[in-house]
Amino acid sequence: MESVTATAGGKTEAACFPCCRPWPSRSGLAHPCFTCARSRRSSTPGRPRRVDTYAQWLGRQAALRNGDTRESQRQRIRAEAPDIPLTTPESLEAILIGVKTDHARLLGGVRAVVIDEVHAFAGGDRGWHLLAVLERLERVTGGPIQRVGLSATVGDPAELLHWLQGAGAGSRSGQVVGPGVAPAGQRPMPLSVGCPQRSAGASARGC
């Protein structure tokens, strides 16, 4: 799935809240785990704190793991296996090849990957690297995982969605979600904003 919404339009919230719900795992147990793949330098440094706040509201835990994470914090992440690891493609690969990590315990329950600012990855070397890491991650999870791309800057959403599907393009289902974008087979629903009618003597300074 690809979410195309204006900056500060609630993309992070739209992705986080559904993914924080309990997911049926392949072992029959509920494990609400997903990974947020971020760029090296996020345009919103406070986003990890926001995601952790949302997770705590729902009884979950989030943790940031990137190249700047101290070894003590990395050890804590490996020990506690947070529900929502926030990371970069490079750090995710480091986790997958790390000999200190119990991959099945830390990442085996992942059911979705949220890719923030997905347009910054598409078409470049880091983008192809990201797709390769996702394929490797699916070997750990034992099956396909949902891919959710978030962006406010997309020229051709359909083309970007096709790219995000990776090796499953053509067989993996996908959908673009955003203002004015209707589900397949349906017409877009127009959005209008109106003011309630006022009495003749009322002052109309705005809605």
Side-chain angles (χ1 to χ4, degrees), residues 1-3 5 7-23 25 30-98 100-122 124 126-127 129-138 140-141 145-153 164 166:
M1 182 182 72
E2 180 187 349
S3 176
T5 312
T7 301
K11 296 183 296 298
T12 300
E13 290 76 5
C16 285
F17 290 128
C19 287
C20 280
R21 76 188 192 281
W23 288 58
S25 74
H31 187 11
C33 186
F34 73 98
T35 298
C36 285
R38 304 167 64 247
S39 59
R40 289 192 184 98
R41 295 181 180 179
S42 174
S43 58
T44 52
R47 186 166 296 166
R49 291 192 297 273
R50 283 169 49 208
V51 172
D52 186 43
T53 298
Y54 301 150
Q56 291 184 38
W57 288 351
L58 301 171
R60 313 301 179 197
Q61 180 186 9
L64 176 62
R65 163 66 162 89
N66 58 22
D68 296 327
T69 304
R70 297 179 180 179
E71 180 58 30
S72 59
Q73 179 64 11
R74 296 184 185 189
Q75 292 177 0
R76 181 178 178 181
I77 292 174
R78 288 194 291 266
E80 296 182 356
D83 299 299
I84 308 170
L86 303 166
T87 187
T88 63
E90 293 78 13
S91 293
L92 181 56
E93 181 181 45
I95 293 172
L96 288 169
I97 65 176
K100 298 180 180 179
T101 304
D102 184 341
H103 304 118
R105 181 170 180 271
L106 181 61
L107 298 172
V110 170
R111 293 294 172 264
V113 174
V114 179
I115 305 165
D116 192 22
E117 305 295 346
V118 64
H119 63 271
F121 293 99
R126 291 192 72 223
H129 175 241
L130 170 62
L131 293 182
V133 171
L134 292 181
E135 296 295 334
R136 188 165 189 165
L137 177 60
E138 289 188 347
V140 175
T141 63
I145 54 180
Q146 184 175 6
R147 303 177 182 187
V148 182
L150 308 179
S151 179
T153 310
L164 183 60

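Numbering of residues begins at 1 and proceeds along the displayed sequence.
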Check your understanding: Are side-chain heavy atoms of Arg136 and Ile97 found at a separation under 4.5 Å?
Key -> yes
Point to revise | Arg78 backbone acceptor or donor facing Arg105 side chain under 3.5 Å | key: yes
Review point. Charged N to carboxylate O under 4.0 angstrom, Arg126 versus Glu93?
Key: no
Check your understanding: So, do Arg111 and Thr141 sit near enough that their side-chain heavy atoms are less than 4.5 Å apart?
Key -> yes
Point to revise | Heavy-atom check, side chain of Leu64 versus side chain of Pro85, under 4.5 Å | key: no
Review point. Of all heavy-atom pairs between Pro82 and Ile77, which one has the smallest distance, and what is that distance?
Key: CD-O, 3.5 Å
Check your understanding: Applying the side chain to side chain contact (heavy atoms under 4.5 Å, CB included) test to Val148, which of Leu164, Val118, Val114 qualifies?
Key -> Val114
Exercise for review: Kindly give the heavy-atom pair with the smallest separation between Leu130 and Pro89, and that separation in Å.
Suggested key: CD1-CG, 3.8 Å
Exercise for review: Give a yes or no on whether the backbone of Gly108 and the side-chain of His103 come within a donor-acceptor separation of less than 3.5 Å.
Suggested key: no
Point to revise | Minimum heavy-atom distance between Gly166 and Leu131, given as atom pair plus value | key: CA-CD1, 4.3 Å
Check your understanding: Is the shortest heavy-atom distance from the side chain of Leu107 to the side chain of Thr101 under 4.5 Å?
Key -> no
Check your understanding: Any sub-3.5 Å donor-acceptor pair from Gln73's side-chain atoms to Arg65's backbone N or O?
Key -> no
Practice item. Please examine the side chains of Ile115 and Leu134, heavy atoms only from C-beta on, and report whether any two atoms are closer than 4.5 Å. Key: yes
**Study point:** Minimum heavy-atom distance between Asn66 and Asp68, given as atom pair plus value
**Key:** OD1-N, 2.9 Å
Revision key, fill the gap. Those residues at least two apart in sequence (or on a different chain) that pass salt bridge (charged side-chain N to carboxylate O under 4.0 Å, His left out) with Arg76 are Glu80
Check your understanding: Can you name the closest pair of heavy atoms from Gly67 and Ser91 and give their distance?
Key -> N-OG, 3.5 Å
Study note, to complete from the structure: CD1 of Ile95 to CG of Leu106, rounded to nearest 0.5 Å, is 6.0 Å
